[in-house]
Amino acid sequence: GQQVMQIPQYQHVQEGEDFTTYCNSSTTLSNIQWYKQRPGGHPVFLIQLVKSGEVKKQKRLTFQFGEAKKNSSLHITATQTTDVGTYFCAGQGAQKLVFGQGTRLTINP
Amino acid sequence: ETGVTQTPRHLVMGMTNKKSLKCEQHLGHNAMYWYKQSAKKPLELMFVYSLEERVENNSVPSRFSPECPNSSHLFLHLHTLQPEDSALYLCASSHRTGAGETQYFGPGTRLLVL
């Protein structure tokens, strides 16, 4: 069945450093979504990418969708303490949305 | 707020108890989901209901019993749970179309089984 792998599982950075998490699907996706879960909170939708090679930005966050529509990345420039949390990608297949395992980001102020 | 509410927010139960988790969505969505979130499996899909019919059951033990009486409400009935069932139980809803879906999560019920 459809699988979505996300790496790394954990990432610790110094405040101000950049951060990237990667997502790979075993099948071609119709879209990919990113969610953020703050510590003690619940996943919240961030963005959806639909087109091959699409790049979207939200302030310091840059989201990319691969040309083959099987992989994606989220890059945060100059992390801030408010960026802590777990970032999940979710790949939309033919039948369902499958979540990756998430990347937990911690930041040293 | 996401428009998805869950009660209770915290629950402690013994292994012989019976309890129910409730989820309500106010977004007009046509699909609802139960997820289990623990340290071992960050986001584990349990059940999916679309148009009030169960469309997915990911090999969940029978001690978890879902119920979807209408498109706005979803329950998870719990009985004779095990300590390893302690986790955060998240409900989500979405508007399922042929093009896909975006899921909106509730705040979760943090369950501790003693």
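Below, chain A is the first sequence line, B the second, and so on; all start at residue 1.
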Which region of [X], side chain (C-beta onward) or backbone (N, CA, C, O), has a non-hydrogen atom less than 4.5 Å from a non-hydrogen atom of chain A, or is it both or neither?
{"X": "B:Leu90", "result": "side chain"}
{"X": "B:Glu44", "result": "neither"}
{"X": "B:Tyr35", "result": "side chain"}

- Query: Is there side-chain contact between A:Gln48 and B:Thr102, with heavy atoms separated by less than 4.5 Å?
  - Reply: yes
- Query: Less than 4.5 Å apart, any side-chain heavy atom of B:Leu88 and any of A:Gln37?
  - Reply: yes
- Task: Could you tell me which non-hydrogen atom of B:Gln103 sits nearest to which non-hydrogen atom of A:Tyr35, and how far apart they are?
- Result: N-OH, 2.9 Å
Would you say [X] has more than 12 foreign heavy atoms packed within less than 6.0 Å of its [atom1]?
{"X": "A:Gln3", "atom1": "CD", "answer": "no"}
{"X": "B:Glu53", "atom1": "CD", "answer": "no"}
{"X": "A:Arg38", "atom1": "CZ", "answer": "no"}
{"X": "B:Phe75", "atom1": "CZ", "answer": "yes"}
{"X": "B:Lys19", "atom1": "NZ", "answer": "no"}

- Task: Determine, using the 4.5 Å side-chain heavy-atom cutoff (strictly less than), whether B:Tyr33 and B:Phe47 are members of one ILVMFWY cluster.
- Result: no
- Pick one of side chain, backbone, both or neither for A:Gln9, based on which atoms fall under 4.5 Å of a heavy atom in chain B. neither
